[in-house]
Amino acid sequence: MTVRTRFAPSPTGFLHIGGLRTALFCWLYARRHAGRFILRIEDTDLERSTPEAIQQILDGLEWAGLDCDEGPFFQTKRFERYREVIEQLLAEGKAYRCYCTKEELEQMRAQQIARGEKPRYDGRWRERTDSLPGVAPVVRFKNPLTGEAVVDDVVHGRVIFQNSELDDLIIARSDGSPTYNFCVVVDDMDMQITHVIRGDDHLNNTPRQLNMLLALGATPPVYAHLPMILGADGAKLSKRHGAVSVLEYRDQGFLPEAVLNYLVRLGWSHGDQEFFTIEEMQSLFDIVDVNKSAAAFNFEKLAWLNQQHMMRAPPARLVPVLRWHLEQMGIEAADGTQLEQIVVAQRERAKTLREMAVNSAFFFRAPDAYDEKAVRKHIGAEVPALLAEAVVALERLEAWTAAAIHEVISGVAVARGVALGKLAQPLRLAVCGGTVSPPIDATLAILGKAETLSRLGRAQALWSA
RNA sequence: GCUCCCUUCGUCUAGAGGCCUAGGACACGGCCCUCUCAAGGCUGUAACACGAGUUCGAAUCUCGUAGGGAGCGCCA
C-alpha cells in the first residue's frame, strides 16, 4: 500500500511556521516512502476563509519547496459529497436530527459547568423521531455510548478514550453545511489517506473521527500527533513573537532549506546531527523518531543554521537571492560574476542574505561619509604617506587579483616597517567607509581597479588636508 | 471543573536498566588563529521537575505529586 499523507490548513490566515513544520513532516514522510503528498484546503468556514489566505499558503509552500502530488483540493467544492454521506448515516440510523436551539444548548452547558461537569450534549434527541416545527435541525453523529476509542498514535503510543466521555457531535449545521470534524473524516476516507500527521492539538478530536470512520466502514489511518512549536518565551506562538508567517522568513533573508532544517530538528533528531540537506531529511526522516514534548522557537539557532547553509551552498545558488535583497535596497546589481564573488567573500560574515546585502552595499555605492571613531583611531599622521605609496603601487598593478593585491599591500607595509593592519585599516576605511569588510585584498579585487583608485583618491584628498 | 497529553543544560536535543563522572548543537565566557569583522579550532559554565516503588543497579520501568499544554463550539 502506498503511503498517502495530507496537509490540511484552513485558509483563515497566513501559513505560519508551525503549519509549515506539519507540512514538512507530512511531505518528508511521503517522500521517504515514495508515497503521495496531498494538499487539502479546509475552507468550510465561509466566514473566515479568504482567497488571499489561500494564495499565501500556496506561496509559502512553493517557497519552501514542499510540492504536493495531488490537490489542492477544496472542501467547499465537495459539499455534495458530504451531504450524501450525511444522508447515508441518517438512513442507517447512525446519525439523527437534533432540534435544540442554540439557547437551549447554551443553557445546558451553563448548568453542567455549574455542577462541575464536563460540558457536553446530553443526547436528548438521540432516540426521538419527531420534529419541531419552525426549528431548522442540525445533524448529530450517534457516538457509541459504551466501550472505548483506542488511538494507536505513532508518537504518543496507545491513547485510550472512554466513549462515555464523548458526546454526539454536530456533523451538519442547521443550514445544512457540514462541520470540520466530519469533513476531515470523509476526506481522509475518500482520499485514502494512510497517515494522518498533524499537530497534537488534534489528539482530542481523534476518537470522534475514529468512531465516525468506523461507522462508515472505513479503515482508519495511522495517526501521528506532533508536538507544538512554542514562541521563544515558551508561550503559544503568536504575532508578538515576531516572524510567524513563512513568507516573512524569505523577506528576512533566510534560505528555505535552512528554515526546513531548523524545523525538522524541532521534535525530531537523528543522533547528534544538526545540519541536513533536503535530500538527507528525505532519506533519514521517520515519524517513529519524533518526540512528544513541545519545542520553543529559537531565532539564534535558525540564524546559525542559515549561515551554515549559506556557507555550504554553491555560490550560484545564493546569487539570485542576494540580487533580490539588493534590489529591495534600491541597488541594481547586473554583474552576476561580481555577485558570486561577493557571496563567497561575505557568506561567512552574515547570518542572512539580507544582512549580506546590507554589508555589501558599499560595493555598489561609494561611502558618502567615513566612520568618525574609526578615522580618529586609524588615520594618524603617517597614514597619508603610507596611502600615497600604496596608491602608486596599486596603480602600477596590471593583474587585478586578490593575490596580486595582497602582494602589493604587504610589500608596502614591509617596506615601511609597519604591520599590515596599519595599512589595511586605512584602506578599508577609504573604500567602504567603515572598519568591517572581507579581507582587504579580496575587497579591492571585487571592487575593481578603477573604483578602488577613485575611492582612495577621494579619501587621500580628505585626510591629507 | 472534566478528559487527554507533556516534563534531560537558558534553548533544541542524544539517551530504549549497567556504555552516564549524563553526550552533541545554539547562545554565553576564555584561549588560539588574524589586516577588520567573521568563519574555524581548543576550552569553560550549565540539565535528568519532585517523591515513593520495582531492581544487585534507574535519566531510562511503575505509581503518585507538582508544573505546563490541549480539548470540552451550529471554529478549524
Side-chain angles (χ1 to χ4, degrees), chain A residues 8-12 42-45 47-49 75 98 100-102 105-106 109 112-121 136-140 151 153 156 159-162 164-167 169-175 177 179-181 183-184 199-207 225 227-228 230 232 234-236 262 265-275 291-305 307-308 311 346-351 359 374 378 406 409-410 413 419-429 432 434-441 443:
Chain A
S10 67
T12 53
E42 311 225 317
D43 54 353
T44 51
D45 185 347
E47 302 282 307
R48 300 195 301 150
S49 298
Q75 291 188 323
C98 164
C100 287
T101 61
K102 288 185 185 182
L105 292 172
E106 238 159 76
R109 249 193 297 276
Q112 286 162 333
I113 289 170
R115 269 181 269 139
E117 290 168 18
K118 181 177 183 172
R120 60 222 286 246
Y121 177 67
V138 298
V139 178
R140 288 183 184 272
V151 179
D153 191 277
H156 289 274
V159 184
I160 298 173
F161 297 84
Q162 296 303 317
S164 55
E165 288 292 334
L166 275 20
D167 63 0
L169 78 159
I170 292 172
I171 59 178
R173 303 183 180 95
S174 47
D175 65 1
S177 65
T179 59
Y180 164 76
N181 271 301
C183 295
V184 167
D200 67 11
D201 47 338
H202 287 283
L203 186 53
N204 284 303
N205 287 328
T206 308
H225 287 94
M228 308 254 81
L230 276 18
K236 194 173 172 179
Y262 178 70
R265 286 284 290 101
L266 254 30
W268 176 82
S269 60
H270 181 70
D272 285 338
Q273 189 172 343
E274 297 287 352
F275 184 93
N291 64 208
K292 309 171 188 186
S293 45
F297 198 93
N298 184 284
F299 279 93
E300 282 74 39
K301 187 157 181 185
L302 201 216
W304 174 79
L305 263 175
Q307 183 170 38
Q308 293 299 311
M311 290 193 296
Q346 294 283 48
R347 57 185 174 174
E348 62 201 36
R349 31 185 67 78
K351 300 283 192 196
N359 294 347
H378 297 290
H406 183 82
I409 295 174
S410 53
L420 184 54
K422 292 288 179 201
L423 177 54
Q425 281 304 72
L427 284 172
R428 185 162 357 244
L429 208 40
C432 64
T435 55
V436 176
S437 88
I440 194 63
D441 47 7
T443 301

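These numbers come from a predicted model, not from an experiment.
Nearest-nucleotide positions on RNA chain B for A:Phe161 and A:Asp201 put A:Phe161 closer to the 5' end.
Within 4.0 Å (heavy atoms only), A:Thr435 reaches at least one base atom of the nucleic acid. Counting non-hydrogen atoms under 4.0 angstrom, A:Ser437 reaches a base of the nucleic acid. Contact annotation for A:Tyr262: no contact, since no heavy-atom pair falls under 4.0 Å across all strands. A:Gln346 comes within contact range of no nucleotide atom at all, as no heavy-atom separation falls under 4.0 Å. Here A:His225 lies out of heavy-atom contact (under 4.0 Å) with every strand. Residue A:Arg347 is out of contact with every strand shown, counting any heavy-atom pair closer than 4.0 Å. A:Pro207 comes within contact range of no nucleotide atom at all, as no heavy-atom separation falls under 4.0 Å. Nucleic acid contact for A:Asn181: base, since at least one base atom lies under 4.0 Å from a heavy atom of the residue. Across all strands shown, A:Gly234 has no heavy atoms under 4.0 Å from either base or sugar-phosphate atoms. Backbone-only engagement by A:Met311 is indicated by non-hydrogen atom pairs under 4.0 Å involving sugar-phosphate atoms exclusively. Backbone-only contact: A:Thr44 has heavy atoms under 4.0 Å from sugar-phosphate atoms and none from a base. Among the protein residues, A:Val159 comes within range of the sugar-phosphate backbone only, with heavy atoms under 4.0 Å from sugar or phosphate atoms but none that close to a base. Counting non-hydrogen atoms under 4.0 angstrom, A:Asp175 reaches nothing in the nucleic acid. A:Cys432 comes within 4.0 angstrom of no nucleic acid atom, judged by non-hydrogen atoms across all strands.
A:Arg428 has its CZ atom 9 Å from the P atom of B:C37, to the nearest Å. Taking atom CG of residue A:Asn359 and atom P of nucleotide B:U36, one finds them 17 Å apart after rounding to whole Å. Rounded to whole Å, atom P of B:A25 lies 23 Å from atom CZ of A:Phe299. If you take CG of A:Leu230 and C1' of B:G69, they are 8 Å apart, rounded to a whole angstrom. Note: CG (A:Leu203) to P (B:G68) measures 20 Å, nearest angstrom. Distance A:Arg109 CZ to B:G71 C1': 14 Å, rounded to the nearest Å. Whole-Å rounding puts the A:Arg265 CZ to B:A25 P distance at 12 Å. The distance from atom CG of A:Leu166 to atom P of B:G71 is 15 Å, rounded to the nearest whole Å.
A donor and an acceptor atom sit less than 3.5 Å apart, one in the side chain of A:Asp272 and one in the base of B:G23. For a distance-only test at 3.5 Å, the side chain of A:Arg120 fails to qualify as a donor-acceptor partner of the base of B:C72. With hydrogens and angles ignored, a donor-acceptor pair under 3.5 angstrom links the side chain of A:Asn204 to the base of B:A70. Taking only distance into account, the side chain of A:Ser174 meets the base of B:C74 through a donor-acceptor pair shorter than 3.5 Å.
When each of B:U11, B:C2, B:U13 is scored by its nearest atom to the side-chain atoms of A:Asn298, the top-ranked nucleotide is B:U11. Comparing B:C72, B:A76, B:C6 against the side chain of A:Lys118 picks out B:C72 as the nearest. The side chain of A:Lys301 has B:A25 as its nearest neighbour among B:U36, B:A25, B:C35. When each of B:C12, B:C35, B:C74 is scored by its nearest atom to the side-chain atoms of A:Ala295, the top-ranked nucleotide is B:C12. Distances were taken from every side-chain heavy atom of A:Glu274 (C-beta onward) to each of B:A25, B:C26, B:C74; the shortest belongs to B:A25. Side-chain proximity of A:Trp304 to the nucleotides B:A25, B:C35, B:U13 is greatest for B:A25. Listed nucleotides B:A76, B:G24, B:C5 differ in distance to A:Glu42; the shortest reach to its side chain belongs to B:A76. In the set B:U36, B:C6, B:A76, the nucleotide with an atom closest to the side chain of A:Pro439 is B:U36. Considering only side-chain atoms of A:Gln307, the nucleotide from B:G1, B:A39, B:G23 that sits closest is B:A39.
Between A:His156 and A:His225, the ring planes are tilted. Angles from 30° to 60° get that label.
Listed for the A:Tyr262 side chain is a donor-acceptor partner under 3.5 Å among the backbone atoms of A:Asn298.
In this model, the phosphate group of B:G71 is not approached by any side-chain N or O of A:His202 to a distance below 4.0 Å at OP1 or OP2. OP1 or OP2 of B:A39 sits under 4.0 Å from a side-chain N or O of A:Lys351. Taking 4.0 angstrom as the limit, A:Lys292 places a side-chain polar atom (N or O) nearer than this to OP1 or OP2 of B:C6. A sub-4.0 Å separation between OP1 or OP2 of B:G40 and a side-chain N or O of A:Gln308 is present.
B:G10 and B:A46 have their C1' atoms separated by 9 Å, given to the nearest Å. B:A47 and B:C9 have their P atoms separated by 9 Å, with the value rounded to a whole Å.
With a cut-off of 3.5 Å on both Watson-Crick or G-U wobble distances, the partner of B:C61 is given as B:G53. In this structure B:G71 sits in a base pair with B:C2, meeting the Watson-Crick or G-U test at under 3.5 Å. B:A16 is unpaired under the Watson-Crick or G-U wobble criterion, no partner having all donor-acceptor distances under 3.5 Å. Remark: B:U7 base-pairs with B:A66; criterion is Watson-Crick or G-U wobble with both hydrogen-bond distances under 3.5 Å. In this structure B:C28 sits in a base pair with B:G44, meeting the Watson-Crick or G-U test at under 3.5 Å.
Nearest heavy atom pair, residue A:Gln307 against residue A:Ala350, reads NE2-O, 3.2 Å. Closest non-hydrogen pair, A:Gln273 versus A:Arg265, comes out as O-NE, 3.3 Å. Scanning both residues, A:Arg428 and A:Ser437, for their nearest heavy atoms gives NH1-OG, 3.0 Å. The two residues A:Cys183 and A:Thr44 have their closest heavy-atom pair at SG-CG2, 3.7 Å. A:Ile440 approaches A:Ile409 most closely through the heavy-atom pair CG2-CD1, 4.2 Å. For the residue pair A:Pro438 and A:Thr443, the shortest heavy atom distance occurs at O-OG1, 2.9 Å.
With no hydrogens or angles considered, no side-chain donor-acceptor pair links A:Arg115 and A:Gln112 at under 3.5 Å.
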